Every structure is written in C-alpha cells, then in structure tokens.
There are 2 protein chains.
Amino acid sequence: MEKQTVTIYDVAREAAVSMATVSRVVNGNPNVKPATRKKVLEVIDRLDYRPNAVARGLASKKTTTVGVIIPDVTNIYFSSLARGIDDIAMMYKYNIILTNSDENGGKEVQVLNTLMAKQVDGIIFMGNQVTDELREEFKRSKAPVVLAGSVDSEKAQPSVNIDYVAAVAEAVKNLIDHGNQKIAFVSGSMDEAINHDYRLKGYKKALKDAGIAYDDKLVFETDYTYKAGQSLEPALSAAGATAAFVGDDELAAGVMNGLTDAGVDVPGEFEVITSNDTKLTELVRPKMSSITQPLYDIGAVAMRLLTKLMNNETVEENTVILPYGLMKRSSTK
Amino acid sequence: MEKQTVTIYDVAREAAVSMATVSRVVNGNPNVKPATRKKVLEVIDRLDYRPNAVARGLASKKTTTVGVIIPDVTNIYFSSLARGIDDIAMMYKYNIILTNSDENGGKEVQVLNTLMAKQVDGIIFMGNQVTDELREEFKRSKAPVVLAGSVDSEKAQPSVNIDYVAAVAEAVKNLIDHGNQKIAFVSGSMDEAINHDYRLKGYKKALKDAGIAYDDKLVFETDYTYKAGQSLEPALSAAGATAAFVGDDELAAGVMNGLTDAGVDVPGEFEVITSNDTKLTELVRPKMSSITQPLYDIGAVAMRLLTKLMNNETVEENTVILPYGLMKRSSTK
DNA sequence: CTTTGATATGAAAGCGTTTTCAATGTTGCG
DNA sequence: CGCAACATTGAAAACGCTTTCATATCAAAG
C-alpha cells in the first residue's frame with residue numbers, strides 16, 4: 001500500500017475550481033477572489049495537500065536550491081562559513097545541497113556537473129584551487145557562482161573574502177615589531193591561490209617593508225592538519241625561526257603544541273600567529289593570537305550576494321571584501 | 001540571450017532514434033544494439049547533452065537526494081558524522097540536502113516538510129529531542145528516516161549509535177576506580193533523550209555498582225558550548241566534585257580550561273573524561289581522556305542503512321549499535 | 001522459405017506543476 | 001441601460017524525462 005499523494009488536481013476537483021486557480025492561491029497570487037481563496041485553502045487543509053517541489057521545479061525552471069561545494073565540513077573554518085550560508089539560504093527560502101570536494105579538482109568538476117544536472121539555481125564554491133577546467137565549468141553554468149572565503153587569481157567570479165594580503169602583512173609586521181627576524185611562513189599547499197598569491201605576498205611585503213631578506217628556507221608547505229603542524233617542530237627549530245605565521249588554525253594548534261611538547265616556550269621563545277580566528281584559538285593553551293575575520297558573515301554575505309545574482313538584480317560590486325582584524329591572545333608577546 | 005539547453009528530444013532527432021532509445025542509453029539499459037548506442041553516444045557528446053535531473057525526478061519519482069537534518073554543522077561531533085554520510089551518499093550516487101536545526105522542534109518540523117516537498121528519497125536525522133510531532137511526521141513520510149548518532153526513547157526509527165549507557169557507565173567506573181567519590185555529571189539539556197535516558201542512566205548505574213549514592217547536586221545541565229563549560233568551575237568546586245564526566249568535547253574543553261585557569265590541577269586534583277573523541281581531545285592540554293566512538297562510521301553506516309531502506313531491501317537489524325571504547329589520555333589519572 | 005522466440009525500437013501516456021491566453025464576470029459611469 | 005475597463009477564472013500547452021505496450025527486426029530452427 002503505497003502512500004497516496006494528493007495532487008493539485010485533486011484539490012481543484014474538490015474545490016470545484018481549476019488547477020490554475022489552486023496554483024494561484026498556493027503561490028499567493030493576488031488575482032483570486034477572497035471567497036474562492038478561502039474555499040481552496042479549506043480543501044488544501046482538509047486533504048493535507050503539499051505541492052510537489054520537483055514538478056514545480058520542472059514547470060517553473062526554479063528549484064530554490066543552491067549547491068555548496070566545500071573542501072571538508074569537518075574543517076571548522078569552512079563549516080563556520082557553511083553555517084552562515086545555510087542560515088541566509090533558509091531566510092530566503094532556499095535549500096543547500098552540500099558536497100565535500102577535498103579540494104580535488106576532478107571531484108569538484110564532477111560535483112559541479114551533478115549540481116548543474118540537478119538544476120540548482122546557484123552555486124557557492126569554497127576552495128582555493130580554481131583550475132582552468134573549473135573556471136570553464138563556471139562559465140558555462142547558467143547558474144551564478146560565488147566564491148566564499150576563497151580566491152581565484154583570475155578574479156573571474158563574484159566572491160566574498162577579506163584582504164588576505166593586508167591581513168597577513170599586518171600579522172607578520174606584528175611579529176617583526178616584536179623583534180623577530182626569522183619568521184616562518186607555514187601554510188597548506190602552494191597550489192592554492194590563497195597561499196601562493198595572497199598570503200605569501202603579504203608575508204613578503206611585511207618583510208620587505210622591514211628590510212628583511214626573504215628566505216625560502218623559512219617557507220613550510222604542508223597539510224592543513226593538526227598532525228602535520230605538530231611534526232613541524234624540528235624543522236622549524238633547525239631553520240632558526242623564532243616565530244611563525246600559520247595559515248590555518250588546526251595546523252597552528254599543531255605547530256604550537258609541537259613546539260610546546262618539545263620544550264620550546266610559546267610565546268617566550270617562539271611566537272605563533274594564526275589566520276582564521278575559529279573557536280580553536282581559544283581552546284588551546286596558550287590561546288592563539290590570530291587574524292580575525294567574520295567567518296559566519298563571509299558565508300552569509302556570499303549567500304546574500306548569490307540571491308541577488310539569481311534574481312538578476314544588478315549588484316554594485318561583485319567582489320566584496322569584508323573587514324579583518326588582529327586579535328592578540330597569548331601565543332604572541 | 002538565455003543559454004540554450006539541449007534536451008533528450010534534440011538528441012533523439014539528431015541521432016534519428018526515439019526519445020525512448022536515448023533514455024535507454026543514458027540509463028545504461030542493455031536492450032540497445034551496440035551500433036545505435038554508439039551513434040547516440042556520439043550525438044550526446046557532440047551536443048553536450050546533460051540529462052535534467054528534475055525532469056527525471058518527476059518522471060521516475062526518484063530524486064537521488066536525501067535530506068540531512070543536523071543540529072549545527074559547526075559542532076565537530078555532528079560534522080564528523082556528516083562527513084561519513086556524504087561520502088557514502090556520493091558513493092551511492094546520492095546528494096545531500098543539509099539543514100541546520102539548532103535542535104529547535106519547530107524548525108525541525110518545518111525543515112522536514114520542505115524536505116518531503118522536495119521529494120527526497122530518504123532522510124537522516126541528527127538530534128536528540130524527537131517530539132511527538134516529529135515522530136508523527138516521520139511516520140507519515142513516505143521516505144525512510146534513520147537517526148544517526150541520535151536516540152529516541154521510543155525507538156520507533158532505524159538508527160545507528162553506540163551503547164551510550166554502557167559507555168558512560170564504563171567511563172564513570174573508571175573515575176570511581178581512581179578513588180573519586182564525588183563525580184559530576186555535566187551535559188547539555190536534560191530534554192535530550194541521550195542525556196536523561198542514556199547517559200544519566202549509565203552514570204547512575206556506575207554509581208550504584210560502586211555503592212555510591214546518587215546526588216543530583218552533582219548533575220550540571222548546561223549548553224554545549226565552550227563558554228558554558230568554562231564558567232562552571234566555581235559550581236563544580238562548590239559541589240565538592242573531584243572528577244567529571246562531560247557529554248560533549250567542546251563543553252569538556254571549557255570545563256577543563258576553566259578548572260585549569262582557576263588553578264585546579266587536571267588531572268591531579270580533578271579528573272575529566274569526555275564523550276565524543278573528536279579532534280578537540282588532542283588539541284587541549286592536558287589531552288582529554290574520552291569515550292571513543294567511530295564518528296565517521298556512524299554517519300557512514302547510517303547512510304548505508306538508508307540506501308537499503310530506500311531500495312526496499314530487507315535489513316536484518318534496524319537499530320545498529322557500533323562498538324565504543326575508552327581512550328585514556330592525560331585528563332585522567 | 002516460414003515460423004518462432006528473442007531482441008530492438010518507437011509512440012505516446014504520464015509525472016504534478018506553472019503559465020499563457022482567452023473567456024467570462026463585475027463594476028462604474030455617462 | 002449599455003459599454004468600457006478591470007478583476008477572476010479556466011483550458012490547455014508546456015516543462016524534459018521515464019516507462020509501458022505494441023510493433024518491427026532478426027537469427028536460428030524446421
């Protein structure tokens with residue numbers, strides 16, 4: 001016994017009106033006489049009619065769902081953005097199809113294709129390796145795409161970010177001002193635009209402004225994992241670094257704990273500043289100083305921007321830059 | 001200039017076959033002569049045809065998407081489950097519509113309704129307050145529902161969990177074995193079945209087995225937040241507790257840091273054991289001892305179970321219990 | 001050559017909405 | 001009372017696919 005579904009046709013019959021009229025009242029179209037509206041509403045209630053969104057999507061060519069591509073939900077930086085995205089989406093009556101990409105180009109392309117097949121009205125992309133192939137897919141997509149907390153050197157897509165170059169430069173300057181001369185730059189893969197094209201640029205800028213020579217022995221490219229950070233200590237010490245700028249909070253926690261476990265005093269002998277100001281910065285001891293950024297808002301604003309784009313509203317600025325800050329906690333002097 | 005979409009009809013025309021045949025090759029139906037299959041495939045490639053999943057969903061009554069209701073993606077316990085869910089979903093060609101509920105009953109019911117309107121093929125629910133209304137919605141849903149890492153005292157739905165009662169009892173026994181007599185029980189809302197009906201039961205069991213009287217002054221009901229845990233110290237000390245079982249890792253981190261900040265030595269003067277074995281346990285110092293549970297697997301198994309249910313396969317056991325363990329780190333003696 | 005039993009294919013009816021366009025009602029006004 | 005102008009309603013055509021059922025084709029067997 002399959003559960004019977006009641007359709008718009010059933011409602012029309014019971015209410016003795018046409019499907020068109022039922023459709024109108026369901027969609028809040030004002031061109032319906034109050035009396036018939038009431039009558040239809042009663043039948044809808046009595047039959048417990050629920051519009052089928054799939055049929056609706058086919059007929060109207062709008063699904064009120066957007067695709068969200070995220071490197072890994074388990075990464076608190078990204079999940080914070082995702083929360084902002086979902087809240088605003090819900091506010092605007094959209095749903096989110098969420099997929100993890102592991103920043104794997106092939107997977108991203110594939111996911112993008114299934115999202116487009118599912119006729120999502122828009123897409124929010126997180127990830128910092130926008131390959132040519134991906135860019136090509138974005139272009140051919142009829143659904144607008146916005147990058148959230150992610151950069152593409154080509155700047156072809158609308159996006160929401162902070163000014164990474166300036167933020168990192170300021171963070172590194174802070175370290176320099178404390179007397180550090182050998183400052184490590186530790187980040188994830190240099191294949192990511194955000195690392196090679198933004199953070200590293202800010203790092204170099206700060207060094208240059210202070211008249212310190214850039215030394216690529218101080219650049220550590222690794223994974224965004226706690227373990228990776230933790231095992232970095234010997235190398236960090238060997239390079240003679242006395243401070244580090246780190247591109248991810250979990251990684252930074254690893255670096256810091258690795259240092260501490262090796263008997264290095266943070267911040268006494270080694271200062272650490274991280275990038276994302278997630279909850280993690282407050283959990284570890286010492287608490288980590290960090291660049292601050294409005295994580296939730298980045299997601300929220302990206303979604304808001306997307307709603308405008310999906311609505312064909314003209315938007316003043318396609319690439320929005322949110323303010324950042326520097327939060328001094330206890331991992332720096 | 002709207003981007004033109006090519007339909008199955010276009011392909012059929014170009015390949016000089018019927019839509020039915022195109023549909024067959026697209027769906028891998030074997031009843032197609034290799035020669036015509038090849039011909040159709042070529043046209044598909046040439047026209048860059050992509051099947052419209054919405055139309056497909058309407059015609060076939062299957063959307064290959066499942067709804068996932070999660071209290072908060074930002075909570076690493078749940079996001080870990082979500083990762084398992086998504087991976088398995090992808091493996092079986094499903095997509096996930098993810099929505100945050102904040103464990104808010106009203107929101108959950110509403111979300112459930114929009115998921116059903118969107119004709120999801122199945123639903124995975126996370127959250128521990130299954131109200132009557134919710135249970136009612138589950139029942140009327142034509143899509144199967146499975147609970148992941150969440151319990152309902154009524155046990156009406158298929159679910160995947162660990163044996164919380166036994167796990168907590170074991171954890172608390174461990175604390176007792178270390179000589180603690182006054183052990184605090186700190187958890188989130190007692191409205192959650194997992195707390196009042198499982199964890200607390202395990203806690204009481206352990207006490208009883210050891211001949212220790214239950215004292216509700218030692219039960220602390222609070223939020224699942226770091227701050228909440230951190231500000232618990234005075235109360236904990238006032239109650240004379242020398243150890244605590246905590247129901248959430250972030251909360252536990254707060255409790256521990258609050259203690260430490262107040263000059264209480266962990267584990268010397270106060271032992272802490274937590275519940276979820278997320279990454280957080282390794283980030284804090286001292287590292288937290290914890291009940292261990294296969295987070296990713298709970299999600300993965302839940303999704304796998306759901307695929308069977310959606311497929312109308314008969315499943316041997318509807319409520320699966322995965323193994324748990326106890327991981328001794330440095331927050332206990 | 002027929003017959004037969006697969007094997008391949010096509011026609012057309014849905015799937016449950018939205019939307020266009022025409023038809024019908026209603027109201028106000030001279 | 002007659003008519004223009006506007007407010008309501010309905011019929012039916014999409015939307016892009018799957019699926020059923022009937023037809024056509026074909027190789028092997030008689």
Side-chain angles (χ1 to χ4, degrees), chain A residues 2-41 43-44 47-65 93 114 116-121 142, chain B residues 2-41 43-44 47-65 93 114 116-121 142:
Chain A
E2 262 302 296
K3 305 197 187 183
Q4 194 50 55
T5 86
V6 6
T7 74
I8 199 174
Y9 177 78
D10 299 318
V11 176
R13 181 169 31 70
E14 287 291 307
V17 298
S18 71
M19 289 164 46
T21 298
V22 177
S23 175
R24 286 190 188 98
V25 349
V26 167
N27 292 295
N29 182 317
N31 301 343
V32 181
K33 195 161 46 167
T36 73
R37 176 189 309 283
K38 181 156 174 292
K39 182 173 60 175
V40 172
L41 251 16
V43 175
I44 286 180
L47 302 190
D48 192 29
Y49 164 69
R50 325 277 193 97
N52 178 323
V54 173
R56 217 198 272 241
L58 182 58
S60 69
K61 296 175 165 306
K62 296 205 171 313
T63 54
T64 64
T65 107
K93 314 278 190 198
T114 98
M116 286 165 51
K118 296 213 169 174
Q119 314 295 119
V120 295
D121 296 335
K142 61 175 76 171
Chain B
E2 262 302 296
K3 304 198 188 183
Q4 195 49 55
T5 85
V6 6
T7 74
I8 199 175
Y9 177 78
D10 299 319
V11 175
R13 182 169 32 71
E14 287 291 308
V17 299
S18 71
M19 289 164 46
T21 299
V22 178
S23 176
R24 287 191 187 96
V25 350
V26 167
N27 293 296
N29 184 316
N31 302 345
V32 181
K33 191 159 50 165
T36 73
R37 177 189 309 283
K38 180 155 175 293
K39 183 173 59 173
V40 171
L41 251 15
V43 175
I44 285 179
L47 302 190
D48 191 29
Y49 165 70
R50 324 278 192 96
N52 178 324
V54 173
R56 215 198 273 240
L58 182 58
S60 69
K61 295 173 167 307
K62 295 204 171 313
T63 54
T64 63
T65 105
K93 313 279 190 200
T114 97
M116 288 165 51
K118 294 212 170 173
Q119 313 296 118
V120 295
D121 296 335
K142 61 175 77 170

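These figures come from a predicted structure and were not determined experimentally. Letters A, B, ... mirror the listed sequences (proteins, then strands); counts begin at 1.
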| said: So, taking the atom named CZ in A/R37 and the one named CG in A/N31, what distance separates them when rounded to the nearest 0.5 Å? | reply: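 Taking CZ in A/R37 and CG in A/N31, the distance rounds to 9.0 Å.
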Q. In Å, rounded to the nearest 0.5 Å, how long is the span from OG1 of A/T5 to CD of B/Q119?
A.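 If I round to the nearest 0.5 Å, the distance is 7.5 Å.
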Distance check: side-chain N/O of [X] vs OP1/OP2 of [N], anything under 4.0 Å?
| X | N | value |
| --- | --- | --- |
| B/N27 | D/dT18 | yes |
| A/T36 | D/dT9 | yes |
| A/T5 | C/dG16 | yes |

Base, sugar-phosphate alone, or nothing: which one does [X] contact when heavy atoms must sit under 4.0 Å apart?
| X | answer |
| --- | --- |
| B/T21 | sugar-phosphate |
| A/V26 | nothing |
| A/T7 | sugar-phosphate |
| A/V32 | sugar-phosphate |
| B/A35 | nothing |

How long is the line joining [atom1] of [X] and [atom2] of [N], in whole Å?
| X | N | atom1 | atom2 | answer |
| --- | --- | --- | --- | --- |
| B/N52 | C/dC15 | CG | C1' | 13 Å |
| B/M19 | C/dA13 | CE | P | 12 Å |
| B/D10 | D/dC15 | CG | C1' | 13 Å |
| B/Q119 | D/dC17 | CD | C1' | 16 Å |
| B/K62 | D/dG16 | NZ | P | 23 Å |
| A/K142 | D/dC15 | NZ | P | 12 Å |
| B/I8 | C/dA11 | CD1 | P | 14 Å |
| A/R56 | C/dC15 | CZ | P | 19 Å |

Go through [options] for me and flag the one nearest to the [X] side chain.
| X | options | result |
| --- | --- | --- |
| A/R24 | D/dT18, D/dC15, C/dT20 | C/dT20 |
| B/S18 | C/dG16, C/dT18, C/dA11 | C/dA11 |
| B/N31 | C/dT18, C/dT9, D/dT18 | C/dT9 |
| A/K61 | D/dC17, D/dC15, C/dG16 | D/dC15 |
| B/Y49 | D/dC17, D/dT9, D/dG10 | D/dC17 |

Would you please say whether a donor-acceptor pair under 3.5 Å links the side chains of A/K93 and B/T114?
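Their side chains do not contain a donor-acceptor pair, so the 3.5 Å distance test is not met.
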- Message: Checking side-chain contact (heavy atoms from CB on, under 4.5 Å) between B/R24 and each of B/N29, B/V40, B/T36, B/V17, which is the one that passes?
- Response: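 One option only clears the test, and that one is B/N29.
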| Minimum heavy-atom distance between B/M19 and B/A12, given as atom pair plus value |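 Residues B/M19 and B/A12, closest heavy atoms: N-CB, 3.7 Å.
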**OP:** Provide the closest heavy-atom pair for B/D121 versus B/K61 in the form atom of the first, atom of the second, distance.
**Re:**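 That closest heavy-atom pairing would be OD1-O, 4.4 Å.
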| said: Pick the closest DNA chain C nucleotide for B/A16 and for A/P51 by heavy atoms, then say which residue is nearer the 5' end. | reply: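 Of the two residues, B/A16 wins.
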Next item on the list: Name the residue closer to the 5' end of DNA chain C, choosing between B/P30 and B/A59 according to the nucleotide with the nearest heavy atom.
Entry: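 Of the two residues, B/P30 wins.
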* Take B/K33 and B/L58, find for each the nucleotide of DNA chain D with the closest heavy atom, and name the residue whose nucleotide sits nearer the 5' end. =>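 Its nearest nucleotide lies further toward 5', so the answer is B/L58.
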